[in-house]
Structures are given as C-alpha cells and as structure tokens.
Amino acid sequence: MEEKDKIFMSTAIELSISSVKNNGGPFGAIIVKNGKIISKASNSVTLDNDPTAHAEINAIRSACSKLKSFDLSGCTIYTSCEPCPMCLGAIYWANIDKIFYANDRTDAKNIGFDDSFIYDELEKPNKNRSIPAIQIMQHEAMKAFEDWKQKKDKTEY
C-alpha cells in the first residue's frame, strides 16, 4: 500500500460519513484511473428508492459514463467497506483491476448489513432457495443466444 492509496481511501471514507449525515447509507466509493479520481459516490438506496444504489454500483455507473466505456480496465476502486456480492459481481463485470476496502463484511454485519444469507443462498440448489428460481421456456429463449452467437458485428463484453 502506498501513501496515495491512503489518500484515496480517506476520500471514500469521507463519502461514507457524509452519506450518513445526508440520510444515505454508511458507504462510499471512488474509482481511480492513472492516479486520478474518475468518480465518487455514496450509497443512495433509501434516497433513490433503489436497492442497487450501493456506493460501488453508483461509482461504477458514473465512471462508465465519464469514460464512455463499460470496461473499466486500468481502474482501481476504493470502497469504505468490503463489497457485497452484488457489488463484487459488478466490479468483476466492469474489469476493475484492484479493490481496496476499509471495513469488512463482519463490520457491516455488526451494524445490520448482513450479506451472509446471500452467500448461503448461492450454495443451495435453485429449487431450495428462499426465493425459488424456476427455469421455464429455455428452448424459446435460446433463439436470442443463437442469434448472438451468429452475429458478426457484435460488441463483446
């Protein structure tokens, strides 16, 4: 860890503290590329009535918009807390190179943000999850996959 990492993390932590003061959730995140902050965001789940509006997701959306790309290769995310499963998935899909986090999932659990049930659910067969996932009409849906496979001018991601 370098001094610049501490400076960037301090910014993410400041966002989390400010978010609480502004009635948002206690999470902040920034995305950095080539030593420059590309985006800053905090958790706005309750403010936006959007369960996906976590700090990391908001920061990713902002960075992608600013860079005009869905690929954030070359970027680092600094987040005030270890990313939840949704945010971790988004970080991987965005091709972010590195994650720095401050609080961990146990710290989050201790203040009521417990994601362990999601990790537990992922281990279960679809039919045994608390929200059943039932596959239907696979044959009909396969048409879009076949079209994608054959498409010559597709943008891979």
Side-chain angles (χ1 to χ4, degrees), residues 1-126 128-133 145 148 151 153-157:
M1 177 181 56
E2 299 178 30
E3 191 60 33
K4 66 179 174 69
D5 297 319
K6 290 181 180 179
I7 293 168
F8 291 137
M9 181 57 76
S10 292
T11 301
I13 292 168
E14 287 169 18
L15 285 164
S16 70
I17 294 166
S18 176
S19 183
V20 172
K21 290 177 184 172
N22 293 311
N23 296 317
F27 306 97
I30 68 167
I31 295 178
V32 174
K33 185 169 188 173
N34 299 324
K36 292 188 167 72
I37 296 174
I38 303 301
S39 67
K40 297 179 184 183
S42 56
N43 178 292
S44 61
V45 169
T46 56
L47 298 172
D48 296 341
N49 292 313
D50 179 352
T52 69
H54 291 199
E56 298 91 337
I57 299 294
N58 289 341
I60 289 169
R61 288 175 179 156
S62 176
C64 288
S65 178
K66 286 180 184 171
L67 296 175
K68 297 185 181 352
S69 176
F70 53 80
D71 186 348
L72 297 180
S73 296
C75 292
T76 300
I77 189 165
Y78 295 82
T79 179
S80 65
C81 189
E82 181 179 1
C84 74
M86 175 185 68
C87 293
L88 186 61
I91 289 165
Y92 275 92
W93 281 118
N95 296 310
I96 292 174
D97 291 357
K98 191 181 285 186
I99 304 165
F100 285 94
Y101 65 93
N103 296 321
D104 66 19
R105 67 175 84 168
T106 302
D107 298 322
K109 179 179 180 178
N110 290 338
I111 63 161
F113 294 93
D114 186 4
D115 297 323
S116 59
F117 76 96
I118 296 173
Y119 292 107
D120 294 343
E121 286 287 296
L122 291 172
E123 297 296 320
K124 297 177 184 176
N126 289 351
N128 294 340
R129 293 179 181 166
S130 61
I131 300 174
F145 282 12
W148 176 260
K151 188 171 176 58
D153 61 343
K154 64 187 166 201
T155 301
E156 299 277 354
Y157 62 98

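In what follows, residues are counted from 1 in the order of the sequence shown. Note that the structure is predicted; figures quoted are calculated from it, not measured.
Asp50 places a side-chain N or O within donor-acceptor distance of the main-chain N or O of Thr52, the cut-off being under 3.5 Å. Counting only distance, with no hydrogens or angles, the side chain of Asp5 and the backbone of Glu2 share a donor-acceptor pair below 3.5 Å. Judged purely by atom type and a 3.5 angstrom limit, Asn22 has no side-chain atom pairing as donor or acceptor with the backbone of Gly24. Looking at Ser65, its side chain never comes within 3.5 Å of a backbone N or O of Ser62 through a donor-acceptor pair.
Lys151 pairs by the side-chain hydrogen bond (donor to acceptor under 3.5 Å, both in side chains) definition with Asp153, not counting sequence neighbours. The side-chain hydrogen bond (donor to acceptor under 3.5 Å, both in side chains) search around Asp107 returns none, not counting sequence neighbours. Here Asn58 pairs with Ser44 under the side-chain hydrogen bond (donor to acceptor under 3.5 Å, both in side chains) rule; sequence neighbours left out. Under the side chain to side chain contact (heavy atoms under 4.5 Å, CB included) criterion, Glu14 pairs with Ser10, sequence neighbours left out. Applying the side chain to side chain contact (heavy atoms under 4.5 Å, CB included) rule to Ser42 yields the partners Ser19; only residues at least two apart in sequence or on another chain are considered. In terms of the side chain to side chain contact (heavy atoms under 4.5 Å, CB included) criterion, residue partners of Cys64 (sequence neighbours excluded) are, by chain and number, Ile60, Leu72. Evaluation of the side chain to side chain contact (heavy atoms under 4.5 Å, CB included) rule for Thr106 yields Asp104, Asn110 as partners, not counting sequence neighbours. Residues meeting the salt bridge (Lys or Arg N to Asp or Glu O under 4.0 Å) test with Asp71, sequence neighbours left out: none.
In this structure the side chain of Lys6 never reaches within 4.5 angstrom of the side chain of Lys4, judged on heavy atoms.
Taken from CD in Glu123 to CZ in Arg129, the straight-line distance is 9.0 Å, to the nearest 0.5 Å. Rounding to the nearest 0.5 Å places CD1 of Ile131 at 7.5 Å from CD of Glu121. Taken to the nearest 0.5 Å, the CG atom of Asn43 stands 11.5 Å off from the CG atom of Leu15. A distance of 7.0 Å separates CD1 of Ile77 from CD1 of Ile99, quoted to the nearest 0.5 Å.
Listed by first and then second residue, the salt bridge (Lys or Arg N to Asp or Glu O under 4.0 Å) pairs involving residues 87-98 amount to none (not counting sequence neighbours). Residue pairs meeting the ring pair (Phe, Tyr, Trp, His ring centres under 6.0 Å) criterion with at least one partner in residues 98-124, sequence neighbours excluded, are Phe27-Phe113, Tyr78-Phe100.
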Residues 79-91, side-chain donor-acceptor partners within the protein, below 3.5 Å, at least two apart:
unit_1: Thr79; atom_1: OG1; unit_2: Glu56; atom_2: OE2; d: 2.8
unit_1: Thr79; atom_1: OG1; unit_2: Cys81; atom_2: O; d: 3.2
unit_1: Ser80; atom_1: OG; unit_2: Gly28; atom_2: N; d: 2.9
unit_1: Ser80; atom_1: OG; unit_2: Gly28; atom_2: O; d: 3.4
unit_1: Glu82; atom_1: OE1; unit_2: Arg105; atom_2: N; d: 2.9
unit_1: Glu82; atom_1: OE2; unit_2: Arg105; atom_2: NE; d: 3.3
unit_1: Glu82; atom_1: OE2; unit_2: Arg105; atom_2: NH2; d: 3.2

In a table with atom names and distances, give each donor-acceptor pair under 3.5 Å that connects a side chain of residues 32-40 to protein atoms at least two apart or in another chain.
unit_1: Ser39; atom_1: OG; unit_2: Ala59; atom_2: O; d: 2.8

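Around atom CZ of Phe70, more than 12 heavy atoms belonging to other residues, nucleotides or ligands sit under 6.0 Å away.
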